[in-house]
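Here's the structure we're looking at; comments come further down.
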Amino acid sequence: MKLLSEIKLVPDRPALDERPLERRVGLIILATDHTTEPDFRRMVASERIGVYVARIPYANPTTPENLRKMQPALTAGAALILPDEPLDAICYSCTSASVVIGDREIETAIQAAKSGIPVVTPPMAGVRGLNAFGVRRISILTPYTVETSRPMATYFAERGFEVLSFTCLGFEDDREMARIAPAALIDLARRAMHPQADALFVSCTALRGALAVTGMEQAIGRPVVTSNQATAWNCLRLCGDETAHPEFGRLMTLPLPRG
């Protein structure tokens, strides 16, 4: 084998862009998550916006106790996303854990590594999405057990929503939740919707709800807000992207509410 006799070093370095991509969204997801990354590739990532992911330890079953165990890993997970570089938003992608741990506690843990970066959680984004529609009477659908669902009902009630109906599916493993077909979610949404409710919130980042949201809205004739759709919408708006994407539901056509 003949070796090169010389390696040439270019004397002048090329000019550098400020960032490889204009905007950056950080994403902290569960080790077992099958759904959030594909959803954010569809709904958030573009030639202008990059999505950068860290996974943190998680073990099923999906119980309040196991969900709380993720809290200590949030700071380390956030620190692994483009260390020492700013982000435009950072999302912790677990609805049930966000409810159990608390939005404020999650924000504190993440900002310990990413100071000053806006933090988004699925229930927080869900509330903002429902507020964008100006609704107060809602139905909720989750794949969880009754035990894991109960704190979710309390979370929305404490934020001024009247929960007219709450339906859960009894799953304990988020990997199985990810295998529920989007078409099945349309029928489940129809069954979960209270006739007097103004909107439906479909909880869980494991569900492929973003692929079914337009079908669910057609089936029930009212707005549907899902976990990944809401966080994607919230992150896009924090990046200054106001583009309407009706293919992912009515929420994706609305601005982020102020305040």
Side-chain angles (χ1 to χ4, degrees), residues 61-65 67-68 91-107 120-172 174 177 180 182 184-210 212-234 248-252 254 256-257 259:
T62 302
T63 62
E65 181 183 8
L67 294 166
R68 285 191 191 94
C91 173
Y92 171 49
S93 190
C94 187
T95 322
S96 52
S98 297
V99 166
V100 170
I101 297 169
D103 289 330
R104 183 172 297 180
E105 289 76 10
I106 289 168
E107 185 175 55
V120 176
T121 72
M124 176 196 302
V127 166
R128 290 170 180 165
L130 293 167
N131 286 339
F133 285 110
V135 300
R136 278 293 168 265
R137 298 177 302 174
I138 64 171
S139 290
I140 297 177
L141 171 65
T142 83
Y144 320 127
T145 63
V146 171
E147 177 192 20
T148 303
S149 294
R150 190 170 287 113
M152 186 78 59
T154 302
Y155 179 97
F156 282 91
E158 288 178 345
R159 284 153 183 80
F161 294 96
E162 185 180 358
V163 181
L164 298 185
S165 63
F166 197 119
T167 304
C168 65
L169 306 181
F171 283 81
E172 293 185 325
D174 68 322
M177 299 174 198
I180 299 172
L185 294 176
I186 296 173
D187 180 60
L188 288 166
R190 188 183 294 111
R191 293 161 58 186
M193 191 66 188
H194 190 281
Q196 302 303 317
D198 299 312
L200 173 67
F201 178 66
V202 181
S203 178
C204 191
T205 58
L207 292 180
R208 289 175 286 164
V213 64
T214 57
M216 288 190 282
E217 288 183 330
Q218 291 170 3
I220 67 175
R222 277 156 284 183
V224 173
V225 176
T226 79
S227 290
N228 287 351
Q229 172 218 40
T231 55
W233 165 77
N234 201 158
F248 297 119
R250 299 184 204 178
L251 180 61
M252 280 289 203
L254 300 180
L256 190 67

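In the model, Thr62 has no side-chain atom that pairs as donor or acceptor with a side-chain atom of Thr148 under 3.5 Å.
By the side chain to side chain contact (heavy atoms under 4.5 Å, CB included) test, Glu107 pairs with Gln111, Val119, sequence neighbours left out.
A heavy-atom distance below 4.5 Å is not found between the side chains of Thr167 and Ser139. Looking at heavy atoms from C-beta onward, Ile140 lies out of side-chain contact with Phe161 at the 4.5 angstrom threshold. Considering only heavy atoms from C-beta on, Arg159 stays 4.5 Å or farther from Thr154 through its side chain. Looking at heavy atoms from C-beta onward, Pro223 lies out of side-chain contact with Leu251 at the 4.5 angstrom threshold. Between Leu169 and Leu141, some side-chain heavy-atom pair lies under the 4.5 Å cut-off. Annotation: side chain of Asp103 is in contact with side chain of Ser98 (closest heavy-atom distance under 4.5 Å). Thr231 has its side chain out of reach of Tyr92: every pair of non-hydrogen atoms, C-beta onward, lies at least 4.5 Å apart. Put simply, the side chain of Thr95 reaches to within 4.5 Å of the side chain of Tyr144, judged on heavy atoms.
Side-chain atoms of Arg222 come within 3.5 Å of backbone N or O of Ile220 as a donor-acceptor pair. Of the possible polar contacts, one joining the Arg208 side chain to the Ile180 backbone as a donor-acceptor pair under 3.5 Å is found. For Ser165 (side chain) and Ala192 (main-chain N/O), a donor-acceptor pair under 3.5 Å exists by modelled atom type.
Here the CD1 atom belonging to Ile138 is positioned 12.5 Å from the CZ atom belonging to Phe133, to the nearest 0.5 angstrom. Note that CD of Glu105 and CZ of Arg68 are 11.0 Å apart. Values are rounded to the nearest 0.5 Å. Atom OG1 in Thr214 sits 10.0 Å away from atom CD in Gln229 (nearest 0.5 Å). Atom SG of residue Cys168 and atom CZ of residue Arg150 lie 9.0 Å apart, to the nearest 0.5 angstrom. Atom CG of Leu254 and atom CE of Met252 lie 10.5 Å apart (nearest 0.5 Å). Separating the SG atom in Cys204 from the CE atom in Met177 is a distance of 5.0 Å, to the nearest 0.5 Å.
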Residues 194-201, side-chain donor-acceptor partners within the protein, below 3.5 Å, at least two apart:
{"residue": "His194", "atom": "ND1", "partner": "Gln196", "partner atom": "N", "Å": "2.9"}
{"residue": "Asp198", "atom": "OD1", "partner": "Arg137", "partner atom": "NH2", "Å": "3.2"}
{"residue": "Asp198", "atom": "OD2", "partner": "Arg137", "partner atom": "NE", "Å": "3.2"}

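Between Glu172 and Thr145, the closest heavy-atom pair is CG-CG2, 3.6 Å. Between Ala219 and Arg190, the shortest heavy-atom distance links the atoms CB-NH2, 3.5 Å. The two residues Ile106 and Ala97 have their closest heavy-atom pair at CD1-O, 4.4 Å.
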- [ ] Evaluate the side chain to side chain contact (heavy atoms under 4.5 Å, CB included) criterion for residues Thr226 and Met216: first the C-alpha distance (whole Å), next the side-chain angles of each, then the deciding distance (0.1 Å), finally the verdict.
- [x] CA-CA 10 Å; Thr226 79; Met216 288 190 282; 4.0 Å; yes
- [ ] In sequence, state the C-alpha distance, the side-chain angles, and the governing distance for Met193 and Leu188, and then conclude on side chain to side chain contact (heavy atoms under 4.5 Å, CB included).
- [x] CA-CA 9 Å; Met193 191 66 188; Leu188 288 166; over 6 Å; no
TODO: Starting from the C-alpha separation in whole Å, work towards a yes-or-no answer on side chain to side chain contact (heavy atoms under 4.5 Å, CB included) for Val225 and Trp233.
DONE: CA-CA 10 Å; Val225 176; Trp233 165 77; over 6 Å; no
Open item on the list: Apply side chain to side chain contact (heavy atoms under 4.5 Å, CB included) to residues Leu67 and Cys94 and explain how you reach the verdict.
Closed with: CA-CA 9 Å; Leu67 294 166; Cys94 187; 4.1 Å; yes
